[in-house]
Each structure stands twice: as structure tokens, then as C-alpha cells.
Number of protein chains: 2
Amino acid sequence: MDEVAILAKVSKPTVSRALSGSPLVNAKTRERVLAVAREHGYAVNRNAQKLRHKRTNTIAVSIDFLSHRQNHVSDPFVFELLAGVSEALGNQNQDLLLTAPNHNDPDVFQQMLLSRGVDGFIFLGQGHREDMLDKFSALGAPMVVWGAKRKKEAYCVIGSDNVRGGELAGQYLIEKGRRNILFVGDPSHNEIYWRMKGLKSSAENSGSSIHFSEMQLSNFSYESAYESAISYFSEAESLPDGVFAYSDTAAMAIIHALKKLGRRVPEDVSVVGYNDIPGSGFFSPAITTIRQETFLAGELMVSKLMKIIDGKKTKSETIKTELIIRDT
Amino acid sequence: MDEVAILAKVSKPTVSRALSGSPLVNAKTRERVLAVAREHGYAVNRNAQKLRHKRTNTIAVSIDFLSHRQNHVSDPFVFELLAGVSEALGNQNQDLLLTAPNHNDPDVFQQMLLSRGVDGFIFLGQGHREDMLDKFSALGAPMVVWGAKRKKEAYCVIGSDNVRGGELAGQYLIEKGRRNILFVGDPSHNEIYWRMKGLKSSAENSGSSIHFSEMQLSNFSYESAYESAISYFSEAESLPDGVFAYSDTAAMAIIHALKKLGRRVPEDVSVVGYNDIPGSGFFSPAITTIRQETFLAGELMVSKLMKIIDGKKTKSETIKTELIIRDT
DNA sequence: AAAACCTCTGAAAACCGTTTCAATTTGGCG
DNA sequence: CGCCAAATTGAAACGGTTTTCAGAGGTTTT
């Protein structure tokens with residue numbers, strides 16, 4: 001910057017002001033400075049800026065990101081969320097720091113904040129990290145979480161209306177005449193718990209007598225979901241005629257298992273998924289599902305987080321949640 | 001750091017040395033410093049460090065990332081790659097900066113480098129950005145690209161052996177007795193071009209007479225691929241009995257279209273995809289595909305890039321490429 | 001006992017911007 | 001023409017770390 005200053009025959013602060021668009025600098029001077037900077041390929045050092053400003057304009061995004069090694073697979077849905085967040089952050093001139101998958105220690109996150117590596121956090125998925133998130137937010141970390149609302153609002157949560165999603169799925173299945181309904185998912189995840197609750201409540205309010213069962217599904221991958229399903233069904237007294245799976249990916253695995261066992265979908269069994277992931281309409285059968293507006297969700301999370309970083313208050317919010325019927 | 005120094009009754013440089021694990025500091029002194037730091041929740045300022053070191057330990061990752069708005073969808077395969085890269089970077093203590101989706105301007109990337117925002121780049125997918133990548137690499141930017149090798153090796157490319165992948169697909173189809181083979185994809189993408197080449201060469205070397213056709217597919221989404229397929233097939237003289245699609249997602253859309261038109265897959269038509277994305281075995285029919293070791297690819301890209309950043313030379317490399325047969 | 005050598009520590013400079021504050025110039029107005 | 005305000009600029013300090021270099025104290029060698 002010193003060199004630019006000399007070449008433009010001004011002082012360093014003036015160069016700084018010219019480049020940062022300060023109104024305190026004369027228009028002609030600015031032109032001169034910009035010309036020199038452009039010509040000599042000068043770019044301000046972002047680290048010096050961050051150091052001085054005590055602000056990094058960087059947001060850490062943490063995905064409940066399951067590496068291949070552990071035979072986990074991340075849901076395409078998360079990718080959709082990430083795309084939304086990425087675009088929204090880009091629009092706000094914020095950098096997106098994707099945290100390493102195995103960083104699930106509150107200390108690691110706090111370190112990032114303390115060392116001024118990032119200004120705030122977006123957690124995509126609560127997973128089983130609720131305790132960690134509670135602790136972290138108790139430390140006053142600026143953060144927004146995709147997931148399900150908690151009893152006490154510790155941090156800002158954006159998510160779909162899981163109870164409503166469950167109800168929509170339930171109503172659909174009941175309208176289809178299904179009376180032996182299976183829920184697939186791991187209700188120790190908060191989001192999934194509420195989806196199940198919604199499903200149950202719609203069954204209770206339907207006036208019909210519904211047989212309700214539940215299939216735990218932990219440690220998700222297509223393969224393990226499929227195998228769990230096969231072994232579950234082989235031990236079950238009766239096969240369900242309606243299934244609500246916590247995600248489209250799970251629905252796909254379940255459908256595969258049902259077909260393997262000779263059930264026709266959707267003729268014998270109706271299956272509802274969640275997320276409306278790309279391609280869910282191209283599965284056979286096309287998957288009836290609950291859509292969440294992931295793109296808006298990204299924008300919403302980012303705008304909330306920016307507010308929080310600026311010291312303003314915001315509340316958790318729920319995203320539009322609708323049933324997409326695919327009957328063919 | 002000054003405060004820590006005072007509390008530990010040493011000077012600032014000593015604190016710095018203690019925290020960075022320098023051997024120049026006495027063991028007892030180090031203990032004292034670490035204790036004070038821990039107790040007072042002190043963390044070194046990463047930005048000051050980066051400023052001083054002229055090294056950020058941050059790698060920019062650019063995805064040919066297609067936002068929802070443009071009705072594009074990113075292939076789950078890219079997510080797999082990203083997961084691999086993320087884990088590998090984490091192991092090397094490098095931060096991963098995910099660039100905004102619309103950043104496709106070499107100037108933007110150069111700015112990131114010049115302003116010392118990042119040390120290097122990983123581009124996941126060449127897409128239609130080859131010119132940009134050439135320009136950027138000509139500026140001496142440290143970078144590694146996932147994609148297909150070019151004639152002249154301008155930058156380090158990691159990718160599958162696309163020609164071989166195409167050959168494997170072709171051999172499979174021909175062995176299945178297919179003689180009317182369709183390639184689906186946009187050969188203006190380098191990777192896809194070579195896959196097609198491989199397919200053709202296996203057809204030519206087979207000794208049988210193969211009718212070969214080609215369906216352009218630009219601007220991918222499931223929906224548009226499906227529609228293109230429907231309109232292509234309705235105008236074609238004959239329907240193919242073998243299809244090689246440039247990706248599993250495209251294969252899924254094509255299969256959907258073929259079924260719609262009353263063809264049975266795999267009885268009437270054999271379809272081969274590419275990537276072995278999660279769930280490709282759970283589609284109906286399960287998708288025969290070409291697998292690439294994405295996880296190793298991530299590690300390889302990162303290790304290559306680290307070498308390049310350290311001023312060492314490396315060469316492009318090809319990842320294991322194998323056919324996964326799913327006939328059921 | 002002097003010389004040579006380690007080991008450990010601290011002062012000062014460097015990294016590269018931005019901000020504060022004071023100074024200079026210019027313009028407006030009576 | 002003199003005075004005041006506004007516009008523009010620059011000197012110096014600051015943000016937080018690391019590195020260079022020199023020095024203090026202790027140990028070993030001759």
C-alpha cells in the first residue's frame with residue numbers, strides 16, 4: 001500500500017480511504033489511486049483488514065457431515081441447504097468456512113470464535129449435538145441452527161414445521177385408506193421426533209382406528225436402512241400398508257425393501273418421505289413427500305445470523321412446509 | 001497476549017513461543033504460560049498470525065455449483081467429492097473456504113489470492129470454465145482441478161479415467177448383446193467428451209456392427225433431462241437397446257423416460273450410469289455404473305495442492321475407475 | 001581461571017492495513 | 001478583506017502476532 005501511495009503521490013491513509021470507498025476522499029484523487037492500484041495489481045491484505053477491524057466477514061458452516069469412512073452418507077437435502085446458505089452468504093459478501101466433518105467439540109468452535117477466525121456459525125442439522133449447541137450458545141456465540149425448535153429457546157432455530165409435516169403425511173395416508181401405519185426414523189433426533197408426533201396426532205384425530213408402529217433407524221445409509229427394514233419386516237406380525245419415513249432417502253430404501261418382499265408400492269403400500277430431494281419425483285414409484293423451502297431457508301438463516309452478529313434480537317422461525325403428492 | 005505475558009511473568013515473544021510449541025522455551029515456563037492461557041480463555045488471533053506468516057492455511061474450494069434459482073441441481077457426486085476434500089483438509093489443519101456459487105470470474109479468484117485470503121484452490125469440476133482455469137493457472141495460482149486431463153498440462157488435474165470408464169460401459173453393453181447404443185450427455189464438457197470417446201472406441205473394437213447415436217443434454221436437472229429424453233425418443237427412428245449416460249442422475253431420468261415410453265429396463269434396454277452415487281443401487285432398476293473413488297480423490301487433491309503450495313512439482317493423476325454391475 | 005558454548009529470554013522491528021486527530025486548503029459570507 | 005465552516009489530507013498510533021538479534025546466565029572445555 002505504501003508503494004501505491006507513493007506512485008499516486010498521496011499518503012497511505014488516503015489510499016486506504018480511496019480503496020474502501022470512503023467519502024472523505026476527493027473524486028479525482030480516488031481515480032488516481034484506483035488507476036495505480038489496478039495497474040500494479042494491488043489488492044488490500046484481507047488479514048490486515050480483519051486484524052484491524054476485528055471482524056472477519058466469515059461465517060462457519062457446520063454440517064452434520066458424515067464421512068464415507070463411517071459408512072455414512074449425507075442427505076442430498078443438506079446439500080440443498082448448503083447451496084442456499086452459500087448463495088445467501090455470497091450476496092452479503094460473507095465468506096463461508098466449511099468446518100471439518102469431525103469437529104463436534106464445543107471447544108473447537110469456541111476456539112474459532114475466540115481466535116477471530118469467524119464471526120458466527122450456522123449449524124446445518126442438530127443431529128445428536130444438542131448438548132453441544134446448548135453449551136456453545138450459552139457462551140454467547142452468534143449462531144443459527146437448522147433443526148427443530150426446543151422447549152426453551154436457547155438459540156435461533158430455523159426449520160420446517162415438523163409437527164405439521166407429520167400431520168400432512170398422516171392425513172394423506174389416512175385418506176388413502178391406510179390403517180396400518182409405520183413410522184421410520186430415529187426419534188432421538190428432535191426434528192424426527194416431532195414428525196412422528198405429528199403423524200400420531202393426525203392418526204388420533206382421524207376418527208378411524210389406526211394401528212401404529214415404529215421402526216428405529218439409526219446410523220443412516222441406504223444399505224443399513226435397507227437391511228434394517230428387511231429384518232424389521234421379517235419379524236413383524238404384519239406388513240404396514242402405509243409408511244411415513246423421516247426422509248426421502250429413507251423412503252427410497254424402505255420402498256426397495258418392500259418391493260423385495262413382494263409388496264407393490266403404491267398399490268399395496270403408500271409411502272411418504274420428507275424433504276423433496278432432487279430426483280424424488282423420478283424414483284419409481286415417484287415419492288410423495290413433504291417439501292421445505294430450502295432456498296429461502298438459507299437466506300433466512302443468513303439474515304438472522306447477520307442480525308445476531310450486529311447485536312440485534314431475532315426469533316426462531318418456521319419454514320413453509322407442504323405436502324407434494326405423487327401418486328403415479 | 002500482552003496480558004498473558006504479564007500474568008505468566010514472561011515477555012510476549014515467550015508466550016508466542018510457548019503456545020506455538022517452539023523448542024526454544026523452557027518446559028516449566030511453557031507450562032506456566034499454557035496454564036495462564038487456558039485459565040483466561042486466551043486464543044491466539046488467527047488474523048494476526050496470518051498477517052505475520054503470509055500464509056493463511058485456507059484453501060478455497062469452488063464447486064460448479066448450480067443454484068436452485070437457475071433450476072440447476074448439483075450432482076450428489078460433487079457432494080461426495082466435497083466430503084472427501086473436507087476431511088482431507090481437516091486432517092492437514094487447513095480451513096476450507098467454500099466460494100460463492102456465482103464466482104466464476106478469474107479476477108475474483110485472483111483477488112482472493114492477492115489479498116491473501118487463501119493459499120490455493122481446488123476446483124471441483126471443470127464445467128465450462130476451462131478458459132478461466134487456464135488463465136488463472138497461467139497467473140501462477142496454486143490449484144488442483146477435478147476433471148479430465150487436457151492436451152497440454154496447464155494445471156494439475158485429478159479425475160477418473162474417463163476413456164476407460166466409457167470403454168467399460170461399452171464393453172458391458174456389448175456383452176449384453178446391445179447393438180443400438182445411445183450416449184447421453186453434453187460432450188462440450190471435457191470429461192463427458194472422453195467418456196463418449198471411450199464408449200465409441202469399445203464399439204469399434206468389438207467386431208460387431210453397432211449403431212451409435214448421441215443425445216445432447218445441456219443444462220442438467222432431472223426434469224429437463226427427462227423432457228429432453230421424451231422429446232428425443234419421440235423423434236428418433238428407433239429406441240436404443242443400450243444407453244450410457246454421463247452420470248447416474250442422468251441415467252435415472254433416462255430410465256424414467258424409457259419406462260414412460262413402455263420400455264422395460266433392464267429387460268429391453270440396458271442403462272449404464274457414472275459415479276455410483278449413494279442410492280444408485282436402490283433405484284429400480286438398480287443402476288449399473290462406473291465408480292470413482294471419491295474419497296481417495298479428495299485426499300489426493302489435497303496432498304497435491306499442498307505440494308504445489310510448498311513450491312514442489314506434481315503431475316496430474318487418474319483415479320481408480322471400475323464398473324459396478326447391477327443386473328437385478 | 002579464561003574461553004567457548006548452550007539455553008533461555010526479551011527488546012525492537014516487521015507484517016499491512018485503518019483510525020484518530022490535527023493541519024492545511026478551499027469556499028462562502030458579511 | 002477577515003472570519004468560519006467544510007473538504008481534504010497526512011502523521012502517528014494501533015490491532016496482535018512472529019522473528020531477528022542481542023544478551024544474560026549457566027556449563028563445559030582447555
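Letters A, B, ... mirror the listed sequences (proteins, then strands); counts begin at 1. All of these numbers come straight from a predicted model, not from anything done at the bench.
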- prompt: Between F79(B) and F79(A), what is the ring plane arrangement, given parallel below 30°, perpendicular above 60°, and tilted in between?
  reply: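 Correct class here is parallel.
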
query: According to the interplanar angle, ranging from 0 to 90°, do the rings of F121(A) and F136(A) count as parallel (below 30°), tilted (30 to 60°) or perpendicular (above 60°)?
result: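 Ring orientation of F121(A) relative to F136(A): perpendicular.
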
I need the [atom1]-[atom2] distance between [X] and [N], as an integer number of Å.
{"X": "N26(B)", "N": "dG26(D)", "atom1": "CG", "atom2": "P", "answer": "13 Å"}
{"X": "L114(B)", "N": "dC16(C)", "atom1": "CG", "atom2": "P", "answer": "12 Å"}
{"X": "R32(B)", "N": "dC8(C)", "atom1": "CZ", "atom2": "C1'", "answer": "12 Å"}
{"X": "I6(B)", "N": "dG10(C)", "atom1": "CD1", "atom2": "P", "answer": "12 Å"}
{"X": "R30(B)", "N": "dT7(C)", "atom1": "CZ", "atom2": "P", "answer": "15 Å"}

- line: In 5'-to-3' order, the base (B), backbone-only (S) or no-contact (-) status of each nucleotide in nucleotides 13-22 of chain D, using a 4.0 angstrom heavy-atom cut-off, is BBBBBBBB--

message: Salt bridge or not between D107(A) and K135(A)? Use side-chain N to carboxylate O under 4.0 Å.
response: no

Pair up each side-chain donor or acceptor in residues 1-14 of chain A with any protein partner under 3.5 Å, not counting sequence neighbours, and list the distances.
from	atom 1	to	atom 2	distance (Å)
S11(A)	OG	T14(A)	OG1	3.2

query: Does S11(A) put a side-chain nitrogen or oxygen below 4.0 Å from OP1 or OP2 of dT9(D)?
result: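 For dT9(D), OP1/OP2 do not have a side-chain N/O of S11(A) under 4.0 Å.
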
query: Hey, are S62(A) and R129(A) close enough side-chain-wise for a donor-acceptor pair under 3.5 Å?
result: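 There is such a pair between these side chains.
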
N/O donor to acceptor pairs below 3.5 angstrom from side-chain atoms of residues 17-28 of chain A, sequence neighbours left out:
from	atom 1	to	atom 2	distance (Å)
S20(A)	OG	S16(A)	O	3.1
S20(A)	OG	R17(A)	O	3.4
S22(A)	OG	L24(A)	N	3.0
N26(A)	OD1	K28(A)	N	2.7

